[in-house]
Amino acid sequence: MSSWAWVWAGVLLMASVASIRIHFQGPVIPEDDAYIAYRYADHLATGVGPYYNDGERVFGATSPLYVLWLAGLRTLFSDIPTPVLSVRGNLLFFLTAAVALWWGTFVLARRVAPASVSKVTMSLHWAGSATLAFLLAPDLLRASILGMETFLFVTWMLWAVAAMASDRPGASFALVGLASLTRPEGLLLAAPLALAARELPHGRREMALRCALFLAAPVVVWVLAATWLFGSPVPHSVVAKGAPLYPLPPGDALRAIIDHLAFWPARGWPEGTGAVALGLRIVLAVVWNLLAGIGLWMTGRPLTRCPGGVLATLVIFYSLVNPLFFEWYWPPMEVCWLMVVVVGAAGWGHRWGEGNPSREALVACGLLAWVVFSTGLAWRPLVDAARIGGRGFDAEFVASLGRSREAAALRVHAYRDAARWINSHAPLGSTVLAAEIGALGYYTPAWIIDAAGLVTPEAVRHLPVAPERRLAPEVGAIPRGLVQDTRPDYVVTLPVFAAKSLLDWPWFLEHYDRVHEVDVGPSPRIRLWGGRSILIFQRVD
């Protein structure tokens, strides 16, 4: 083991310690959507079955594999709440993804310069820089502690790329199969990996058959089980989102992707509208993306271009389906972009430094300098915000990566309190219709009717809600027809989801009374999407 290998092992170990502390010392504040998977997992672990509402054969979680993982944890550690198991347990996937990123980048960098006498040492630098950027990126860490399946998906994706780069196409496509059971779009990874496999020294016919079998194995198991249990292998949440749940203007997702990924190299730089700040961000973004793309193309090999192919596949897919992007959607594309940058830099370094290793080392040092500098800039706003009015450093704020003060995160606790109120006031067997069913549905055993349709098939025919009944295309709204058809005992909502659909509707106001409110946060200044309370209505007829 070379001296550089020991140096990088020490650096990455220290970076991993920071990741561990954030996952284990930060407060547990999962995203509200994560609680849908938690309720499925708890029901599966406690013998109710893989159902959201007891006995209702609908699978509304997007990630069956993550639900199975959580159910296993819940069975083994029955005294620990599932939200805690999820947030703490996601550290395993975060670190496993980091190992996959290191190995995949190392192997791809070695393929960039197969004849270089310093290829092992330089590959250590390329892989180490990529992994350091991954481990210390606050946005990636934050996505991990949201309690979603994000980094389980990223783990399969990165190991699939690493397996293909290591001449293991069968393992690569088996991992793609597992990725598709974590997120449906995982199945699309087969296309860029199949293109990359053309470079491998296997008989194409034999390899194609073997890869197809490895890919199909986990998918077939799910198709058979889901068809038997739920009547369809397609999660109902996918059906509801395709309604569409958010009727965004064409091209909205593509604009979001371009804006997000283009400026990702400049994260942490001043975001003011001043000409100098904006100009610096634009120049840095253009230069980095051009250099990365050209460098990757200069490698001239299908395998080394594989990260770019995976990234392009995800971008094309999201552009076509045009979803509303949430925080946990970004990491797969960000990590692919990171691999593109590093492998592209390796391409530049080898081309410019051919016959002169010191030049290649200079490029590697430049990449490492960017990693350290941009990571420091990305952390600075969070660290500055942790110093509150002379009260000292707020370590909990930093450990939660800012979520401990956000109204969107605090609403999870408010929904929990709303559920407890329902548990103490509603008769057994009551039905509850809600615009957001995450934490609310997790903390109450009541029968839940989901206005977004993720676990409620009856809601889909009422989607999308008409534009005049919603505040904006990206804002959900409770369908009037669903309320009339189901006539729930209780309706629970933030004002933003009912402002133009229920709160100004005479029929609703005649049949439902507002019986309780739960504040989103402890301070009147905390407001979420224009309101500060969760409203609970009870049917009066």
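Residue numbers start at 1 and run along the sequence shown. Both backbone and side-chain heavy atoms feed into the values below; hydrogens, waters and symmetry mates do not.
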Do side-chain atoms of [X] reach the backbone of [Y] as a donor and acceptor pair under 3.5 angstrom?
X: Arg110; Y: Ser123; answer: no
X: Ser78; Y: Arg74; answer: no
X: Ser237; Y: Gly60; answer: yes
X: Arg403; Y: Ile29; answer: yes
X: His43; Y: Val48; answer: no
X: Arg168; Y: Ala162; answer: no
X: Ser400; Y: Phe397; answer: yes
X: Trp222; Y: Pro233; answer: yes
X: His23; Y: Ser19; answer: yes
X: Arg111; Y: Ala165; answer: yes

Which is it for Leu140 and Phe134 under the side-chain contact (heavy atoms from CB on, under 4.5 Å) test, yes or no, and what are the steps along the way? CA-CA 7 Å; Leu140 296 179; Phe134 175 92; 3.7 Å; yes
Between atom [atom1] of [X] and atom [atom2] of [Y], what is the distance when rounded to the nearest 0.5 Å?
X: Met14; Y: Leu136; atom1: CE; atom2: CG; answer: 10.0 Å
X: Ile437; Y: Asp450; atom1: CD1; atom2: CG; answer: 4.0 Å
X: Leu401; Y: Ser144; atom1: CG; atom2: OG; answer: 9.5 Å
X: Arg183; Y: Leu314; atom1: CZ; atom2: CG; answer: 9.5 Å
X: Leu91; Y: Ile22; atom1: CG; atom2: CD1; answer: 10.5 Å

Tested for side-chain hydrogen bond (donor to acceptor under 3.5 Å, both in side chains) against Tyr66, the lone hit among Asn90, Thr182, Thr150 is Asn90
Problem set entry | Centroid-centroid under 6.0 Å between Trp330 and Phe325 rings | yes
Go through the steps to decide whether Leu215 and Leu187 satisfy the test side-chain contact (heavy atoms from CB on, under 4.5 Å), and finish with yes or no. CA-CA 9 Å; Leu215 171 63; Leu187 200 58; 4.1 Å; yes
Looking only at non-hydrogen atoms, find the nearest pair between [X] and [Y] and report the distance.
X: Ala97; Y: Leu158; result: O-CD1, 3.3 Å
X: Pro83; Y: Tyr442; result: CD-OH, 3.5 Å
X: Leu108; Y: Pro307; result: CD1-CG, 3.7 Å
X: Leu324; Y: Tyr329; result: O-CE2, 3.6 Å
X: Ala130; Y: Val342; result: CB-CG2, 3.6 Å
X: Met333; Y: Val315; result: SD-CG2, 4.0 Å

### Message
Pairing donors with acceptors under 3.5 angstrom, does anything connect the side chains of Tyr246 and Asn322?
### Response
no
*asked:* Please evaluate residues Ser63 and Tyr40 with respect to the criterion side-chain contact (heavy atoms from CB on, under 4.5 Å), reporting the C-alpha separation (whole Å), side-chain torsions for both, the decisive distance (0.1 Å), and the verdict.
replied: CA-CA 11 Å; Ser63 180; Tyr40 273 104; over 6 Å; no
Discussion item. Counting neighbours of CH2 on Trp103 that are heavy atoms of other residues, nucleotides or ligands and sit closer than 6.0 Å, is the number greater than 12?
Written reply: no
Do other residues, nucleotides or ligands put more than 12 heavy atoms under 6.0 Å from Arg255 CZ?
-> yes
message: For Tyr52 and Phe59: C-alpha separation, side-chain torsions, deciding distance, then whether ring-ring contact (aromatic ring centres under 6.0 Å, His included) applies.
response: CA-CA 7 Å; Tyr52 191 83; Phe59 190 76; over 10 Å; no
Checklist entry - Using 30° and 60° as the class limits, which term best fits the ring planes of Phe326 and Trp328: parallel, tilted or perpendicular? => result parallel
Practice item. Indicate the ring-plane relationship of Phe151 and Phe94, choosing parallel, tilted or perpendicular according to the 30° and 60° boundaries. Key: perpendicular
Inset, instruction - Check the pair Asp33 / Leu146 against side-chain contact (heavy atoms from CB on, under 4.5 Å), numbers first and verdict last. - result: CA-CA 9 Å; Asp33 283 30; Leu146 292 180; over 6 Å; no
Exactly one of Trp69, Trp159, Phe153 clears ring pair (Phe, Tyr, Trp, His ring centres under 6.0 Å) with Phe93, and that residue is Trp69
Between Val223 and the options Val221, Val220, Thr227, the side-chain contact (heavy atoms from CB on, under 4.5 Å) test singles out Thr227
Would you call Arg142 and Glu406 a salt bridge, using N to O less than 4.0 angstrom?
yes
